[in-house]
There are 2 protein chains.
Amino acid sequence: MNLKQLAEELGLSQTTVSRALNGYPEVSEGTRRRVQEAAEQHNYRPNTRAKGLATGRSMMIGHVIPASTQHEMVNPVFGDFVAGASIACANRGYDTMFTRVDDGDEEAAYRSLMGKGSVDGVILQVPKIHDSRIALLKRIGLPFAVHGRSSDVTDSYNWVDVNNTSAFRRATEFLIDLGHRRIALINGLEIMDFAKRRRDGYTSALEAAGIAVDPSLMSSEEMTEVSGHHQTRDLLESATPPTAILVASMISALGVRRAIEEAGLKMGKDISVITHDDDLSYLKNGQDVPIFTATRSSVRNAGSILAEILIDSIATPLSPPRHKLLEAELVVGRSTGPAPA
Amino acid sequence: MNLKQLAEELGLSQTTVSRALNGYPEVSEGTRRRVQEAAEQHNYRPNTRAKGLATGRSMMIGHVIPASTQHEMVNPVFGDFVAGASIACANRGYDTMFTRVDDGDEEAAYRSLMGKGSVDGVILQVPKIHDSRIALLKRIGLPFAVHGRSSDVTDSYNWVDVNNTSAFRRATEFLIDLGHRRIALINGLEIMDFAKRRRDGYTSALEAAGIAVDPSLMSSEEMTEVSGHHQTRDLLESATPPTAILVASMISALGVRRAIEEAGLKMGKDISVITHDDDLSYLKNGQDVPIFTATRSSVRNAGSILAEILIDSIATPLSPPRHKLLEAELVVGRSTGPAPA
DNA sequence: TTGAAAGCGTTACCAA
DNA sequence: TTGGTAACGCTTTCAA
């Protein structure tokens, strides 16, 4: 059933039926009800492509996943983020599209999405410290928003991020408070912006406590079980092994646990381990200090906020962000778009 | 740049340009080259929605993810499957769309996708033993293919599955060969078809070896770390604990490991544990017997084959599957569609 | 080998 | 408050 047939059945014009269904004010209440009922009864849904062609919008938000980030899909937070974003999109009438590309084909993918008009905007994840995608998207004019920040990029853009720096600072402080002095950091690749921020949090806590930063205790690799395993093994085999380990990723942590077990050590007794995905807080001077709190739900929340911001910026590219910015424990949202016209 | 502009620039009609770009034979080679070069140079891409409207196809394959299956997204095999499918789709010119729905809204989601014409077909995952989605999709005429099977469904449909039964039979045989007699199965929820098949493989191996199936050694719950943990704890606390555990999911296995560690037992010494995601084979009478081999790449492969099958069935709904069916170690593909006209 | 023109199912402008 | 009609950007039939 299409609009034409529905209109004929009702003895009305397509125009009126369309208006009634899309909530235009100039339709009489009686007509509107009649139209809505008929539409309901015939299970009518406007064709996406026709609607898109007429309006010039695809009502679709894209996610481009390069192969190298592929293993990120293993990461629960990826799923949480995407779920949060896609629900928020759906609430605003937007669908979610995935494009999986080989490394190096990303630029082509964005150009293609833009050229074919298949999406109204894209969500960027896992930005690098210097991320060329941002400049590209600005250049070709495809609206976007970033989950995370890109330190070296001076262009303005919208982003939402977890507060990695303060989370890792607090975690390090916690371990210091427990009496640890040799605290290792098992980090992700530090071309990733979030990894750099995490390290910054870690080093700043050490420095504040007057503990020298020891490079041999810091390790930066892909966040996989295999990497986590040998990063840990190397640490444990060194002349002066750490008494505590701070792990940036739940996936790496699998390998960390395994290596500790293999070394015959007992976690929590011989060595302390904190992972970013732990839901953790502790009492300090009678105060409950959060460390990593509900990371996964924060990320889901971030996805949903980010989607909202993106969609707002699509609807009215030059208006100020009409968004309540969050500055919650772990989620920081900020909109640094151009000033309104 | 759109077709009209490109045609004007070339001094040709839209018709000819369209034909040249879409590989129609009746275009002279000279014209074709000229058109292709101009298209290349201007970075022209046909608008998806216009093309879709004209052809009646959306060139989009959908995945509907209900909230309850959400946690499946945590499972690496989910990512692998989706990656395999989406690459295969891309190779055939199809995009991939995700719809995340609340539990119970699935039926509405499929109806909506069909009604709006947003997808040409959908991929079903994690079928239940009796799965009502299959009948629904047949009823509304939305092409689909299933990753896994639905034992209680008698309708014909296309599916690709991992051979769960034989994998779990072999794994159980392996443990029996090692001398184990009290082998536990930590399974997913057995309303899922694959979970039932896994149990069947497990029990059939026990029966073949003359070992009585002990219900107290079989546990069936959600595949989460928390469940895996307490399933294992219960097993270990029983009067007659198992000497080996067969775990259906890598996520549950996290909890299993933790529970074993907490009980002060050592894996591989006090108790043997095999997980479905292990890449495992063993020597038996001088022969290398595969157990779980490269499950993740099998699943990726399954995704790709399934997408191909789905797309073939969309293109020519009544033709016989022109597909090479696989009967590899762990992947079984089979097409049981209606006979060709 | 090429082109004109009629769709595809909507929305949106301009009249009535 | 309603309707006629021209877009939207492409494919496809029919003619030339």
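Chain A is the first sequence line, chain B the second, and so forth, proteins listed ahead of strands; every chain is numbered from 1. Heavy atoms only: backbone and side chains are in, while hydrogens, waters and symmetry mates are out.
Contact annotation: A:Lys51 reaches the phosphate of C:dT11 (side-chain N/O to OP1 or OP2, under 4.0 Å). One finds no side-chain N or O of A:Asn47 lying less than 4.0 angstrom from the OP1 or OP2 phosphate oxygen of C:dG9.
Checking D:dT2, C:dA4, D:dG9 against every side-chain atom of B:Ser13, the shortest atom distance belongs to C:dA4. Of the candidate nucleotides C:dT10, D:dG3, C:dA4, C:dT10 has the atom lying nearest to any side-chain atom of A:Pro46.
Mapped onto DNA chain C by nearest heavy atom, B:Ala50 and B:Glu29 fall at different nucleotides, with B:Glu29 at the one closer to the 5' end.
For the ring-ring contact (aromatic ring centres under 6.0 Å, His included) condition, the pairs that include at least one residue of residues 32-68 of chain B, sequence neighbours left out, are B:His63-B:Phe98.
Distance B:Leu3 CG to C:dA4 P: 13 Å, rounded to the nearest Å. Going from atom CG of A:Asn22 over to atom C1' of C:dT10 covers 9 Å, rounded to whole Å. One atom, CG of B:Leu21, and another, P of D:dC10, lie 10 Å apart when rounded to the nearest Å. Counting to the nearest Å, the C1' atom of C:dT11 and the CG atom of A:Leu53 are 10 Å from each other. Per the geometry, CZ belonging to A:Arg49 stands 15 Å off P belonging to D:dC10, to the nearest Å. As rounded to whole Å, 11 Å separates atom P of D:dG4 from atom CG of A:Leu12. Taking atom NZ of B:Lys4 as the reference point, atom C1' of C:dG3 lies 15 Å away to the nearest angstrom. If you measure from atom CD of B:Glu8 to atom P of C:dA4, you get 11 Å, rounded to the nearest angstrom.
Across all strands, A:Arg45 comes closer than 4.0 Å only to sugar-phosphate atoms, never to a base (heavy-atom distances).
Crowding of B:Glu29 atom CD: a count of heavy atoms from other residues, nucleotides or ligands under 6.0 Å exceeding 12.
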Which protein N or O atoms sit under 3.5 Å from an N or O of nucleotides 12-16 of chain C?
{"residue": "C:dA12", "atom": "OP2", "partner": "A:Tyr24", "partner atom": "OH", "Å": "2.6"}
{"residue": "C:dA12", "atom": "N6", "partner": "A:Thr15", "partner atom": "OG1", "Å": "3.1"}

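Here the closest heavy-atom approach between residue B:Arg111 and residue B:Leu136 is recorded as NH2-CD1, 3.8 Å. Taking each heavy atom of A:Ser150 and A:Pro127 in turn, the nearest pair found is CB-CB, 4.3 Å.
Among the candidates B:Asp131, B:Asp193, B:Asp161, B:Asp155, the single residue satisfying the salt bridge (Lys or Arg N to Asp or Glu O under 4.0 Å) test with B:Arg149 is B:Asp161.
Between A:Phe144 and A:Ser313, every side-chain heavy-atom pair lies at or beyond the 4.5 Å cut-off. Looking only at side-chain heavy atoms (C-beta outward), B:Val119 and B:Ile61 stay at 4.5 Å or farther from each other.
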